[in-house]
Student: 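First, the structure itself, so that you have it in front of you.
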Number of protein chains: 2
Amino acid sequence: MATLSDVAAEAGVSPTAVSRYLNNRIDLPQATRDRIDAAIAKLDYRPNLLARRLSTGKSEAFALVTPDIANPFFAELAAAVERQAHASGYSVYITSTGGHADAEMNAIRRMADSHVDGLIMTTNRVDDGSLANLLAGRENVVLLDEDIDGVSVPRVFVDNAEGTYLAAKHLIAMGHRDIALIGGPHRLMSVNERLAGFTRAMDEAGLPVRPGWVLLGDYTRDYGVAAASVLLDAVDPPTAILACSDYIAIGVMQVVRAHGLSIPNDISLVGFDDMAFAALVDPPLTTIRQPVAAMGELAVKHLLALLEGQTPAAETRLPVELVTRQSVAPPSRKVLK
Amino acid sequence: MATLSDVAAEAGVSPTAVSRYLNNRIDLPQATRDRIDAAIAKLDYRPNLLARRLSTGKSEAFALVTPDIANPFFAELAAAVERQAHASGYSVYITSTGGHADAEMNAIRRMADSHVDGLIMTTNRVDDGSLANLLAGRENVVLLDEDIDGVSVPRVFVDNAEGTYLAAKHLIAMGHRDIALIGGPHRLMSVNERLAGFTRAMDEAGLPVRPGWVLLGDYTRDYGVAAASVLLDAVDPPTAILACSDYIAIGVMQVVRAHGLSIPNDISLVGFDDMAFAALVDPPLTTIRQPVAAMGELAVKHLLALLEGQTPAAETRLPVELVTRQSVAPPSRKVLK
DNA sequence: AATCGCTAGTAAAGCGCTTTACATATCAAT
DNA sequence: ATTGATATGTAAAGCGCTTTACTAGCGATT
């Protein structure tokens with residue numbers, strides 16, 4: 001492959017001249033420019049990014065570390081981040097960690113070693129402090145979607161509490177009083193907040209939040225199955241379930257069906273996320289939509305601001321939205337075991 | 001950040017010694033090793049990968065270019081690639097191109113400029129020759145999932161023809177004779193092959209492939225809607241539809257429902273891909289499963305083989321599998337407009 | 001006493017680029 | 001004729017690492 005020096009030799013100028021010309025740091029007469037351009041074309045020269053990065057200390061690239069790229073939520077987030085980054089002339093290196101602590105740490109370190117200009121971090125577990133430690137002191141990091149305790153970098157989240165608040169209000173407005181909540185991992189920020197929003201709606205309606213009807217475990221289909229089984233096998237099942245992720249909701253649907261019951265006739269259900277499949281399941285799922293694209297874009301914008309020495313908002317909350325489909329109806333008779 | 005020289009100074013040896021020690025290219029007495037280790041720990045030294053790469057010309061990283069990371073099929077492929085690459089000590093840089101020709105070309109070029117050790121390429125459009133040109137002469141490339149005409153690198157595909165053959169046979173075995181096929185973009189390898197498999201099954205059963213019942217367009221839900229509308233609005237609709245992707249199948253479902261018909265009672269449907277949502281829709285979709293994880297793994301293995309100077313198979317075909325769920329039943333009465 | 005072979009390293013060049021500081025030629029103004 | 005400004009560049013160092021070729025010192029052998 002041709003190097004800068006090759007081009008310089010071909011054009012009869014110094015490497016310095018070519019470098020500065022290519023970076024718009026010098027004014028050259030038209031004739032010289034033409035010779036350089038011709039040499040570049042002739043040799044099919046392409047700058048070696050590695051060398052440039054080593055020399056300048058800038059990489060024009062971001063890292064995105066994500067728990068699981070095969071999860072549509074994170075995949076869409078990644079797509080949005082990439083779109084926005086490219087629009088600003090940055091590449092993005094995506095790593096998916098499988099949600100394992102050591103993989104996350106390695107990814108962060110590897111990214112740092114490759115000297116990317118910035119890092120967008122998403123996680124889905126609660127940190128024991130090691131992640132916070134690793135991130136502490138690092139500049140040009142933004143946290144996306146989920147918090148890491150003790151890390152003071154710009155964060156962009158969704159209004160989790162508002163989401164479950166809207167969902168619960170919707171259920172209550174439909175006449176439900178016996179509402180259960182199935183949530184993600186205990187102590188995860190989003191889980192706390194979603195529980196809080198739910199509780200607020202219940203309080204406002206003068207309804208009790210029954211301890212046995214708040215099940216916290218995982219944002220997965222499997223946990224949806226487990227939790228729904230507990231709920232439906234009890235002597236007095238709820239008439240509505242608020243699932244804190246669409247994955248959980250899918251699991252709930254499965255169990256409801258297995259119990260010979262129907263959604264929404266016997267049990268009403270609302271999900272959270274509005275993943276692509278939410279509209280496709282039967283019945284189409286009423287759920288809380290997260291503005292995934294906006295989240296990714298904003299994270300990138302914050303990162304860019306950071307790079308320019310600005311100080312973006314420490315925390316932004318993007319609004320969520322209730323999208324009503326067909327998984328919610330007024331409670332009919334009390335469902336009996 | 002501490003450099004190799006800092007470590008050397010701290011340990012009282014030359015940078016050469018430290019470098020060679022770290023790369024296992026020298027035997028040092030225990031005392032010296034201890035001093036170096038201590039210095040590394042004290043300074044929290046981490047090698048600068050950029051510098052190393054520039055110096056060695058190796059990056060221990062692959063690029064994966066993919067049309068759309070937000071598409072679960074490619075996302076799962078990416079996850080599999082990443083898993084296998086990491087297991088072999090390689091990083092992978094994922095780029096998603098949006099399926100646009102120029103974005104694909106840019107991605108390939110950018111990857112080459114960043115000097116990754118290898119490239120795994122997936123595409124979903126038919127190339128006009130520019131991609132082939134760009135890839136020609138490049139070593140350490142493997143093509144995954146879809147072919148690019150005129151590129152002679154190792155390729156790993158799925159047995160597309162076998163997939164539709166199995167699907168069609170299944171439909172025929174259930175008693176269907178009036179079967180339509182809705183496929184992806186005309187001239188795409190997978191489309192040709194899937195059409196061929198379908199045709200073979202029909203031929204073997206002595207059934208005609210009616211030209212009006214082979215609709216080629218896109219692997220998308222929208223195209224599924226369009227094609228199914230054409231099919232169902234005709235005076236003599238088919239009793240079964242073979243959709244060449246699960247996305248298409250979803251579109252078909254929507255149209256069937258809109259026509260007041262039911263799957264599988266009025267129309268049988270089989271998809272292709274077995275995406276995560278295929279089991280979740282109503283009715284659960286009978287479909288052809290692609291071995292996504294195996295595809296990703298094999299692509300990486302081929303790339304590694306290439307790096308070691310071996311010559312992996314020019315083309316491997318991974319087997320597909322019919323997974324029967326509930327979208328297929330024997331034809332009932334002829335569906336009338 | 002000179003030579004050999006080890007051990008334990010080191011000096012210096014090079015990867016391909018950027019950047020700082022300097023150089024030369026030309027021209028206009030004094 | 002000299003000065004100064006402007007236009008058109010260049011030399012050389014440096015980014016942090018690897019690698020090739022070399023060397024100083026020492027004990028053992030002839």
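Bear in mind the structure is a predicted one, so any value in this text is a computation, not a measurement. Every chain is numbered from 1, with letters handed out A, B, ... down the list of sequences.
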Student: For I26(B) and dC6(C), give me the distance from atom CD1 to atom C1', rounded to whole Å.
Tutor: 13 Å
Student: Is R53(B) close to H115(B) at the side-chain level, that is, under 4.5 Å between some pair of heavy atoms?
Tutor: no
Student: Under 3.5 Å, is there a donor-acceptor pair between the S91(B) and R110(A) side chains?
Tutor: yes
Student: Which whole-number value in Å describes the distance from I36(B) CD1 to dA8(C) C1'?
Tutor: 11 Å
Student: Walk me through it: do R52(A) and E60(A) pass the test salt bridge (Lys or Arg N to Asp or Glu O under 4.0 Å)?
Tutor: CA-CA 10 Å; R52(A) 173 184 307 201; E60(A) 321 246 275; 5.6 Å; no
Student: Assess, by modelled atom type and distance only, whether the side chains of Y219(A) and S190(A) contain a donor and an acceptor separated by less than 3.5 Å.
Tutor: yes
Student: Can you find a side-chain donor-acceptor pair between D273(B) and Q290(B) that sits under 3.5 Å?
Tutor: yes
Student: Apply the test side-chain contact (heavy atoms from CB on, under 4.5 Å) to residues L304(B) and Q310(B): give CA-CA distance (whole Å), side-chain angles for both, the deciding distance (0.1 Å), then the verdict.
Tutor: CA-CA 9 Å; L304(B) 289 168; Q310(B) 301 163 18; over 6 Å; no
Student: Using the rule given for side-chain contact (heavy atoms from CB on, under 4.5 Å), can you reason through H86(A) versus T95(B), listing the C-alpha separation, both sets of side-chain angles and the distance that settles it, and then say yes or no?
Tutor: CA-CA 10 Å; H86(A) 279 169; T95(B) 305; 4.0 Å; yes
Student: Would you kindly say whether T66(B) and S96(B) are connected by a side-chain donor-acceptor distance under 3.5 Å?
Tutor: no
Student: How large an angle, rounded to 10°, do the end axes of the helix from dA1(C)-dT30(D) to dT30(C)-dA1(D) enclose when each is built from five base pairs?
Tutor: 80°
Student: Nearest whole Å is fine: how far is dA7(D) P from Q30(A) CD?
Tutor: 16 Å
Student: Go along nucleotides 11-19 of chain D 5' to 3' and tag each nucleotide: B for a protein heavy atom under 4.0 Å from its base, S when only backbone or sugar atoms are that close, - otherwise.
Tutor: BB-BBBBBB
